[in-house]
Amino acid sequence: MTSIVERVEGRACVVRGNDIDTDRIIPARFLRCVVFDGLGEHAFEDDREQAKGDHPLDDERFAGASILVVGENFGCGSSREHAPQSLHRFGFQAFVGASFAEIFAGNCTALGLPCVTLEPNDLEALMESVSLDPTQEVVVDLAGRSLTYKGGTLPAGVRDGTRKALLEGTWNATRVLLEAGDAIDTQAATIPYVTGFGAA
Amino acid sequence: MPAPRSLFDKVWETHSVRELPDGQTQLFIGLHLVHEVTSPQAFAMLKEMKLGVRYPQRTFATVDHIIPTDSQLRPLADDLAEEMMVALERNCREHDIPLFDSASGRQGVVHVIGPELGLTQPAMTVACGDSHTSTHGAFGAIAFGIGTSQVRDVLATQCLAMEKPKLRRIEVSGKLGAGVYAKDVILHIIRQLGVKGGVGFAYEYAGTVIEAMTMEERLTVCNMSIEGGARVGYINPDEVAFDYLRGREYAPTGETWGAAEQWWRSMASEPGAPCDDLISLAGEDIPPTVTWGIHPGQSAGADEPIPNLSDVPDADRTAFAEALEFMGFRPGQPIAGTKIDVAFIGSCTNGRISDLREAARVAKTGKVADGVRTLIVPGSQAVAREAEAEGLDQVFRAAGFDWREPGCSMCLAMNPDKLQGREVSASSSNRNFKGRQGSPTGRTLLMSPAMVAAAALKGEVVDVREVL
């Protein structure tokens with residue numbers, strides 16, 4: 001059963017930079033697997049290795065954070081669901097950024113993980129504040145389309161369909177799609193190539 | 001008179017099962033392509049939900065990402081790869097899904113075999129657990145890259161829950177210069193519109209340059225739509241698409257063909273069909289293009305320098321600095337003359353027969369430079385057979401190139417083909433992301449196959465117009 005996602009609250013972690021692609025989030029070599037288990041420890045592995053302990057995911061001040069704050073076009077590139085899976089297994093329950101790549105955002109929704117956007121100035125203020133005080137509580141409120149942190153409450157953007165699916169607990173689309181029942185086959189029967197273009 | 005409509009609107013409506021309670025559309029998927037990387041967890045979820053595959057006859061599988069390009073003998077040398085192969089075989093067997101494995105003679109990169117088998121057809125909806133599914137739009141199909149949970153959705157229901165994107169028409173007018181290829185066209189488009197410019201849009205490519213392209217060139221353009229942020233990219237079906245499809249294994253035959261062609265024509269965008277945005281570019285302005293950075297939007301003409309900081313908009317300066325630091329380049333430095341260690345021709349972007357022909361034309365003019373490692377990887381077993389029948393493999397071998405078995409190879413390095421350390425790769429693939437080609441510190445320069453071949457011969461990036 002899928003559950004209702006109304007809000008995510010907890011501490012936040014800031015990963016700066018735009019156009020962070022899914023190859024960076026989870027390098028391709030970790031896609032050699034038939035289950036998603038174990039991906040959490042490899043989140044951002046190469047970036048972390050190159051940062052030699054200086055990566056936000058290795059920063060003790062951010063340990064245990066459940067909200068990841070990022071820049072523009074986060075999750076671009078490959079469709080690999082392994083990317084949100086690894087971040088989720090690392091401990092993140094929600095993503096806040098300037099913008100998200102579509103497939104990444106869709107994959108997150110399918111896992112019940114909200115991606116919300118802030119205006120550039122608001123995002124910068126949040127990043128600054130969280131970096132200075134990572135102990136503060138941050139609340140992503142889907143129902144109220146807002147984000148609350150030490151500095152106040154900010155308007156947060158979220159696609160209508162995504163918001164509704166999370167609020168109503170219908171984000172696991174399989175059950176919802178199955179409810180169409182025979183309508184699937186009825187519609188298919190009107191599509192010329194499905195019926196063989198009228199061939200007997 | 002009814003208002004003119006776009007192919008996108010017509011395909012969307014034809015495949016729409018119903019509007020979902022959350023406002024999304026339940027869209028029927030006409031062709032579901034499956035491969036070993038993004039499907040095992042989806043099949044496992046299906047089993048957990050006690051569901052079967054709703055339309056196995058509209059589902060086809062192959063193996064491409066993990067398969068080695070030296071020997072494809074079983075068991076595969078890599079235990080994890082073998083485990084994925086076994087899982088795919090078991091899942092396909094249990095659910096009656098045709099699997100084009102190496103023994104079938106029809107194995108290859110999923111986006112190469114779909115078109116060449118005639119599985120991909122105009123006005124279809126196509127889905128695959130791979131972002132480069134946009135490739136199939138070259139036929140006028142609406143093709144989505146999806147994640148594993150959505151692979152589960154399609155397996156179970158043959159449908160996706162989708163929010164309808166806006167439509168942007170990109171018209172490329174005029175003509176391309178000599179030595180300028182489809183790869184340069186799409187790299188140029190992404191350079192102009194940015195790697196996130198297409199978020200929220202489907203791209204319709206049009207104009208004389210696009211219309212003059214062969215089917216294989218169109219596949220290259222649509223393939224990289226996702227690199228510009230557009231999940232979907234397509235070209236209206238015309239004679240070029242019909243001629244390509246005629247006689248393919250899964251294409252309609254006989255009288256059915258006539259009905260199919262009539263329907264396909266009726267689905268194309270009509271003159272004056274509305275779009276939400278229109279971009280016009282001139283073919284004459286497109287140079288052979290090379291990336292110098294760490295995403296496909298960071299590129300320059302082969303005869304141009306890497307930009308200076310003053311040429312870069314404020315918002316892009318941090319990314320610019322990060323890219324130059326990672327690549328080890330200086331602002332204003334010419335991209336031509338950059339030494340390369342590896343040359344890779346292949347992938348779903350440029351692993352088709354026309355790509356190998358163009359590269360062989362260049363390969364014929366010399367020998368691979370000392371110290372350059374090369375991989376020529378056909379996109380499919382069919383491409384390999386065709387190339388070998390034409391003697392292209394011999395052209396490459398004679399010039400000192402390494403002729404390999406079909407697969408994704410060094411595009412994303414989920415197989416043994418990888419960059420080592422800080423190596424610089426001239427690559428015909430689609431992504432120059434950090435670590436993409438298998439070494440966390442490896443560096444990738446994207447360019448056309450002809451440019452890769454030229455770089456292999458000279459040992460450095462060279463403007464292919466100087467060689468042709």
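Every chain is numbered from 1 and lettered A, B, ... according to where its sequence line falls, protein lines coming before strand lines. Remember, it's a predicted structure, so these values are computed and weren't measured experimentally. Atom set for the values below is all heavy atoms of this structure, side chains included, hydrogens, waters and symmetry mates excluded.
- When each of B:Asp78, B:Asn430, B:Leu51, B:Ile66 is scored by its heavy-atom pairs under 4.5 Å with chain A, the top score falls to B:Asp78.
- Between chain A and the options B:Ala413, B:Pro40, B:Gly435, B:Ala161, the largest number of non-hydrogen pairs under 4.5 Å is found for B:Pro40.
- Here the OG-CH2 distance, from B:Ser149 to A:Trp171, works out to 8.5 Å after rounding to the nearest 0.5 Å.
- With hydrogens and angles disregarded, a donor-acceptor distance shorter than 3.5 Å links the side chain of A:Lys164 to the backbone of B:Pro21.
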Query raised in the report: Which is it for B:Met49 and A:Arg175 under the side-chain contact (heavy atoms from CB on, under 4.5 Å) test, yes or no, and what are the steps along the way?
Result: CA-CA 10 Å; B:Met49 296 176 84; A:Arg175 292 285 176 216; 3.6 Å; yes
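- For chain A, the nearby part of B:Gln121 is the side chain; its heavy atoms alone come within less than 4.5 Å.
- At most 12 heavy atoms of other shown residues, nucleotides or ligands fall within 6.0 angstrom of atom CD in B:Glu255.
- Of all non-hydrogen atoms in A:Asn172 and B:Arg152, the two that sit nearest each other are OD1-NH2, 2.8 Å.
- Distance check, rounded to the nearest 0.5 Å: OH of A:Tyr193 to OG1 of B:Thr14 gives 9.0 Å.
- Between the side chain of A:Glu102 and the main chain of B:Ala230, no donor-acceptor pair closer than 3.5 Å is present.
- Of residues 110-137 of chain A, those residues lying under 4.5 Å from chain B by any heavy-atom pair are A:Ala110, A:Leu111.
- Between B:Pro440 and A:Gln50 the shortest heavy-atom distance is O-NE2, 3.1 Å.
- Distance alone, capped at 3.5 Å, is enough to place a donor-acceptor pair between the B:Arg431 side chain and the A:Gly77 backbone.
- Heavy-atom proximity under 4.5 angstrom to chain B picks out A:Glu81, A:His82 from residues 81-93 of chain A.
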Requested in this report: Please test B:Lys434 against A:Asp46 for salt bridge (Lys or Arg N to Asp or Glu O under 4.0 Å), starting from the C-alpha separation and ending with a verdict.
Outcome: CA-CA 9 Å; B:Lys434 286 181 180 179; A:Asp46 293 341; over 6 Å; no
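- In this structure, B:Glu325 places its CD atom where only 12 or fewer heavy-atom neighbours from other residues, nucleotides or ligands lie under 6.0 Å away.
- Only the backbone of B:Leu160 comes within contact range of chain A, judged by heavy atoms closer than 4.5 Å.
- Residues A:Arg80 and B:Val37 have side chains not in contact (no heavy-atom distance under 4.5 Å, counting atoms from C-beta outward).
- The number of heavy-atom neighbours closer than 6.0 Å to CG of A:Asp182, taken from other residues, nucleotides and ligands shown, is 12 or below.
- Using cut-offs of 30° and 60° for the angle between ring planes, the B:Trp264 and A:Phe197 rings count as perpendicular.
- Interface remark: A:Val34 contributes backbone and side-chain atoms alike to the contact with chain B (heavy atom separation under 4.5 Å).
- Between chain B and the residues A:Glu49, A:Arg159, A:Glu179, the largest count of heavy-atom pairs under 4.5 Å involves A:Arg159.
- Under the 4.5 Å side-chain criterion, counting only non-hydrogen atoms from C-beta, B:Cys159 is in contact with A:Ile184.
- Under a 3.5 Å cut-off, the side chain of A:Ser79 and the backbone N or O of B:Ile146 do form a donor-acceptor pair.
- By the 4.5 Å heavy-atom criterion applied to side chains, B:Glu163 and A:Asp160 are not counted as neighbours.
- Between chain B and the residues A:Ile103, A:Thr190, A:Asn107, the largest count of heavy-atom pairs under 4.5 Å involves A:Ile103.
- Proximity to chain B is limited to the backbone of A:Phe100, based on heavy atoms less than 4.5 angstrom apart.
- With rounding to the nearest 0.5 angstrom, the CZ atom of A:Arg32 is 8.5 Å from the CE atom of B:Met84.
- A heavy-atom distance below 4.5 Å is not found between the side chains of B:His65 and A:Leu31.
- Interface summary for chain B: among A:Asp21, A:Leu177, A:Asp23, A:Asp19, the most heavy-atom pairs under 4.5 angstrom belong to A:Leu177.
- Contact count against chain B (heavy-atom pairs under 4.5 Å) is highest for A:Ser78 among A:Ala183, A:Ser78, A:Ala188.
- Between A:Asp185 and B:Tyr55, the shortest heavy-atom contact is OD1-OH, 2.6 Å.
- Here B:His295 contributes atom NE2 and A:Asn73 contributes atom CG; the two are 8.5 Å apart, rounded to the nearest 0.5 Å.
- Across B:Gln26 and A:Val176, no two heavy atoms sit closer than the pair OE1-O, 4.3 Å.
- Comparing A:Glu45, A:Arg29, A:Arg163, A:Glu72 by how many heavy-atom pairs each has under 4.5 Å with chain B, the most go to A:Glu72.
- Taking A:Thr22, A:Asn18, A:Leu178, A:Thr162 one by one and counting their heavy-atom pairs under 4.5 Å with chain B, the maximum is reached by A:Leu178.
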